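Given the structure is predicted, the values throughout are model-derived calculations rather than measurements. The chains referred to below are lettered A, B, ... by the order of the sequence lines, with proteins before strands, and numbering in each begins at 1.
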Amino acid sequence: MNLSKTYTPSDHETKIYELWENNHTFTPKNRGSKKSFSIVIPPPNANGNLHIGHGLGFAVEDIAVRYHRMKGEASLLLPGADHAGFETWVVYEKHLAAQGKSRFDFTREELYSQIWDFVAQNKDNYETQFRQLGASVDWTRYTYTLDKKIVKQAYSSFKKMWDDGLIYRAQKLVNFCTYHGTGFADIEVSHKESKGHLWHIRYPLSDGSGEVVVATTRPETMLGDVAVAVHPKDKRYATFVGKTVRLPLSNRDIPIIADDFVDMKFGTGAVKITPAHDQNDYDMSERHDLPRISIIGHDGLITHEAPEEFIGLDVVSAREKVVNVLIAQNLLERREEIVHNVGHCYKCGTVIEPLLREQWFIDTTPLAKEAIKTLKTNEISFHPTVKKKQLITYLEGLRDWNISRQIAWGIPIPAFQSSQDASKWIFDERVTKESITVDGVVYHRDPDVFDTWFSSSSWPYATLDYPDGKDFATFYPVSVMETGADILYPWVSRMIMLGLYNTGAIPFETVYLHGLIQDEHGQKMSKSKGNVVNPIDKVLKFGSDAFRMGIISGESAGNNRPYDESKVVGARNFCNKLWNIARFVQEKIEDDLASSEPNPISDADHWLLSKLQHTTEVVTKDLDNMRLSEAYDTLYHFVWDDFASWYLEASKISPNLSILKFSLSSILKLCHPFAPFITEAIWQELAWSDELLIISPWPTIPDASKPKAKKFEDLTYIITEIRQLSKAMNLSKPNIIHQSATIEDNADLITNLARTGSIALTDQGRGLKLTSAKQHVWLDIPDEVLTSYSKKLVERQQEQIKLIANFEARLSNKSYVDHAPQKIVDDTKQSLSDAKAVLETLEDELKRLS
RNA sequence: GGGCGAUUAGCUCAGCUGGCUAGAGCACCUCGUUUACACCGAGGGGGUCGGGGGUUCGAGUCCCUCAUCGCCCACCA
């Protein structure tokens, strides 16, 4: 074996990943075992590069899967890629624009196939990045969201809902982006506070007996007004209800109606009603049976429904012109500045227009009801728990889901419209045909595609070959759904609804939501701000293991967190520590290939074994509960502080090869889920190891002698105190005298670790007595030297006095002694007597000095 | 307008069901070439856990309230 001084990740990572892959270690084994563990990866956009959120997500997922794999469970991490309908569409449109073209230059089929190729070009890139991050995904089960089985599932979900009457087609208001030319679900609209105006416009009564002043933020929509509404109890307008006003500009007579919805306190208390361009007004039109006049088209321009002079204007120009005409006719009473919420397209920022359009909708009421019921019975656990409550609240207020999208890139909706009766639609999967003939009637294909979230709602079981696949039987429900907290509503909620609806079972047992990684200043990362941290850059710079440990360090479910490179650096250093620990152990063991069971002899051996046992228990429990950061922290300190700083140092005096071997092996196993590459790289170098670390069993640690472990523990306190005192008094190799067999037995150890001079037994103590352990140990120093330390002694004396007062007060409180658990009271008594002993020692020394 | 979260060392954060004489990493200070590691070793300084009130023998941890910051949802024209 020949390990270099520092660990160089790039020398190993590619080779190690190939080693795992070539040995098919990612494909689940032990299918017959009682337990299985599965995670299906939230498929990243096949077209894009992985971002830091994926880096975090994969780290969490891969740690969990590697742990369960080592526990001997059939473990699956299923990789995938998302065609990401709208997201990719946006990218491709930019790509077209760069070539001076647009979507209007091609047919839908042409676009679809062009984008297919465009995405395929990036596939290699994408898979390379998965490998660089060390994700132990089973490539044989790689699934693309446009794979046949996923499309098939989308169609069968659609058909089932159609048959169950949950799918309906209706002309309703749709959130429409006029730039991208497509509608969105409510949840995809991004609301932003914007400055605007509230315009007060005079609407004269048709009979000339007066006027009603309405207040609106969108004067141009008055071209589509069909009524004016007031509150039924509003005395100001009581006599107006039932009359009509002559709508300015359009010169139509429209009724004044009464409706509870109107807020008397807002504006003038009179609202103009434009059902085709406002959700509230639409709802009111349903209640009062009002017509709907669309005056803004899907192109964002004023339609022919409007008066001649406005036709073809965009919304902004139309607004300006309407206002000018109103001013000219003296119909504008005043203008008020206000701040209100306006919906925007989350991609391009265009103001979303609510427009009338025929779309496919899912009646979500029964689906949400089932989901809420399931959530309330705690069948699915959440990290963090608070998200479940939020999800229930969201589902309780859910509106029907518009699943039609007017883009070319996506799964075509398998529905055809009758050429004879526009209201008649049939389900048919022959979507590659523009029209089909059924029973002599010609039907035309719906040109729209599904909302991507609709097909991805079935991801947990469609990937596992629902309903008949072996994987479905073994791995469903998925053990952990790990994803970003930001897609709780659009994705997680729908997977639960659709999973229950389609399979009759929960889609996953646990939801783990990670927060957003922000830049180092807590700002959201975005390309436009130029503050994006590329995970692959960090992998190349610090190593894959360092990146993943750095990124999960401090991770707590659901919390957003700034990227902290110092954690990655710390993790890189930790990797190097592991490397050098291995070098040291290998050097001691040399070619001793005899495999031997751990055979603890010295106090240090017992101490190390008991620490290792405790660490293993804690780490196992934390991993079971997805407390990854805590597990990592525990391991880090065990490896660095207990094993390297104490045990290895002690081993320099008298090495126990069996314990060195056993503990290094155990450490590599425990660290493997967190740092897969370096642990495997070391494992492959070890003379005594066999097989592959990735599939070796999770460690079990034998019991050690508690009293012996305690003896070493005391030694660590004594050594630390000697170091402290030496430093404080600037001593070089102080001599030690004592009356302790433990010290006698471990004199060499103390000499080396505490850098002391001679160590000798004594009848009579002198110098400075140590206070950290029960053994009688003195630093053999003259009183003159001790005097220099007296100030510190007084400080320590004061501390002890305070402590003692504290403990005594507690123990003299009868309520405390009566109510607190016995163990707590005993501990306090122990602490008190310890503190008193320390104080006594300190006071003796001070007395002598004075 | 509703809902949720956060506020602990200079920075980023742990602290799960109340027992803490409050922790970690980084940063900072001092010393150190002891043959695994300077991506290191040893030692050290630094916090009245946002303010106020309450429950309790005991509160960073539970409750109320205020303040500040953040996120999400919502149809105030």
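- At whole-Å resolution of the value, CG in A:D641 and P in B:rG23 are 15 Å apart.
- When the nucleotides B:rC4, B:rA77, B:rG15 are ranked by their closest atom to the side chain of A:E630, B:rG15 comes out on top.
- With B:rA24, B:rA77, B:rG45 as the candidates, the nucleotide lying closest to the side chain of A:K792 is B:rG45.
- With hydrogens and angles ignored, the 3.5 Å screen pairs a side-chain donor or acceptor of A:D545 with a backbone N or O of A:F677.
- Under the side chain to side chain contact (heavy atoms under 4.5 Å, CB included) rule, A:K388 has a single partner from A:I392, A:L391, A:V386, A:T385, which is A:I392.
- Between A:E337 and A:K195, no side-chain nitrogen of the basic residue sits less than 4.0 Å from a carboxylate oxygen of the acidic one, so the salt-bridge criterion is not met.
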Atom pairs, N/O to N/O, protein against nucleotides 57-62 of chain B, distance under 3.5 Å?
residue : atom : partner : partner atom : Å
B:rC57  : O2'  : A:N813  : ND2          : 2.8

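- Base engagement by A:V271 is indicated by at least one non-hydrogen atom pair under 4.0 Å involving a base atom.
- The CZ atom of A:F807 sits 13.5 Å away from the OG atom of A:S812 when rounded to the nearest 0.5 Å.
- One P atom belongs to B:rA22, the other to B:rA9, and the distance between them is 14 Å to the nearest Å.
- Using a 4.0 Å heavy-atom criterion, one finds that A:S553 contacts no nucleic acid atom at all.
- The phosphate of B:rA77 has neither OP1 nor OP2 within less than 4.0 Å of any side-chain N or O from A:T274.
- Between A:N559 and the phosphate of B:rG70, there is no side-chain N or O to OP1/OP2 separation shorter than 4.0 Å.
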How far apart are the C-alpha atoms of A:H12 and A:Y7, what are their side-chain angles, what is the distance that settles it, and do they pass the ring-ring contact (aromatic ring centres under 6.0 Å, His included) test?
CA-CA 9 Å; A:H12 304 274; A:Y7 171 65; 5.3 Å; yes
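- Distance, A:Y632 OH to B:rC13 C1': 14 Å, rounded to whole Å.
- Taking atom CG on A:D283 and atom P on B:rC76, their separation rounds to 12 Å, with Å as the unit.
- Atom CD1 in A:I392 sits roughly 18 Å away from atom P in B:rC73 (whole-Å rounding).
- Contact annotation for A:T393: no contact, since no heavy-atom pair falls under 4.0 Å across all strands.
- The 5' end of RNA chain B is approached more closely, in terms of each residue's nearest nucleotide, by A:F807 than by the other of A:A270 and A:F807.
- With both ends at atom P, the span from B:rC28 to B:rC64 equals 43 Å, rounded to whole Å.
- Geometrically, A:R494 engages A:W401 in a cation-pi contact defined by less than 6.0 Å to the ring centre and at most 45° from the axis.
- Using a 4.0 Å heavy-atom distance criterion, A:F574 is classed as making no nucleic acid contact.
- One finds no salt bridge joining A:R287 and A:D283 here, because no Lys/Arg side-chain nitrogen approaches an Asp/Glu carboxylate oxygen to under 4.0 Å.
- In the set B:rA77, B:rC16, B:rU21, the nucleotide with an atom closest to the side chain of A:H340 is B:rA77.
- Atom-to-atom, CG of A:N341 to P of B:rA77 comes out at 8 Å; the value is rounded to the nearest Å.
- Contacts of A:T828 with the nucleic acid, taken as non-hydrogen atoms under 4.0 Å apart, are absent.
- For the P atoms, the distance linking B:rC66 with B:rC71 amounts to 22 Å, nearest Å.
- Within the 3.5 Å criterion, the main-chain N or O of A:V226 finds no donor-acceptor partner in the side chain of A:R292.
- Separation of the P atoms belonging to B:rG54 and B:rG60 is 15 Å when rounded to the nearest angstrom.
- Other residues, nucleotides and ligands contribute only 12 or fewer heavy atoms inside 6.0 Å of the NE2 atom of A:H614.
- Using a 4.0 Å cut-off between a side-chain N of Lys or Arg and a carboxylate O of Asp or Glu, A:K802 and A:E799 do not qualify as a salt bridge.
- For the OP1/OP2 pair of B:rG43 and a distance below 4.0 Å, the side-chain nitrogens and oxygens of A:R723 include at least one atom meeting the criterion.
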Which letters describe nucleotides 26-38 of chain B, given B = protein heavy atom under 4.0 Å from base, S = only from sugar-phosphate, - = neither?
S---BB--B-BB-
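- Distance from the side chain of A:P562 is smallest to B:rU12 among B:rA24, B:rU12, B:rC4.
- Ion pairing between a basic and an acidic side chain is recognised when a charged N comes within 4.0 Å of a carboxylate O; A:E808 and A:K836 show such pairing.
- A:D263 places its CG atom 16 Å from the P atom of B:rC75, with the value rounded to the nearest Å.
- Residue order along RNA chain B, read from the 5' end via each residue's closest nucleotide, puts A:G554 first among A:G554 and A:D186.
- Of the possible donor and acceptor atoms, none in the side chain of A:H200 sits under 3.5 Å from a partner among the backbone N and O of A:T268.
- Atom-to-atom, NZ of A:K802 to P of B:rC20 comes out at 18 Å; the value is rounded to the nearest Å.
- Spacing of P atoms, B:rU34 relative to B:rG51, comes out at 48 Å, to the nearest Å.
- Comparing atom distances between the A:Y489 side chain and each of B:rA77, B:rG15, B:rC72 picks out B:rC72 as nearest.
- Across B:rG46 and B:rG5, the matching C1' atoms stand 29 Å from one another, rounded to whole Å.
- Ion pairing of A:K621 with A:E630 is absent here, as no side-chain N (NZ or NE/NH1/NH2) approaches a carboxylate O to less than 4.0 Å.
- A distance of about 13 Å separates the P atoms of B:rA36 and B:rG41, rounded to the whole Å.
- Computed from coordinates, the A:Y563 OH to B:rG25 C1' distance equals 14 Å when rounded to whole Å.
- Comparing B:rU8 with B:rG15, their P atoms are spaced 14 Å from each other, to the whole Å.
- The main-chain N or O of A:P232 is never found under 3.5 Å from a side-chain atom of A:D259 such that the two would form a donor-acceptor pair.
- In RNA chain B, consecutive stretches of 3 or more Watson-Crick or G-U wobble pairs with both distances under 3.5 Å are given as paired ranges: B:1-7 with B:67-73, B:10-13 with B:23-26, B:28-32 with B:40-44, B:50-54 with B:62-66.
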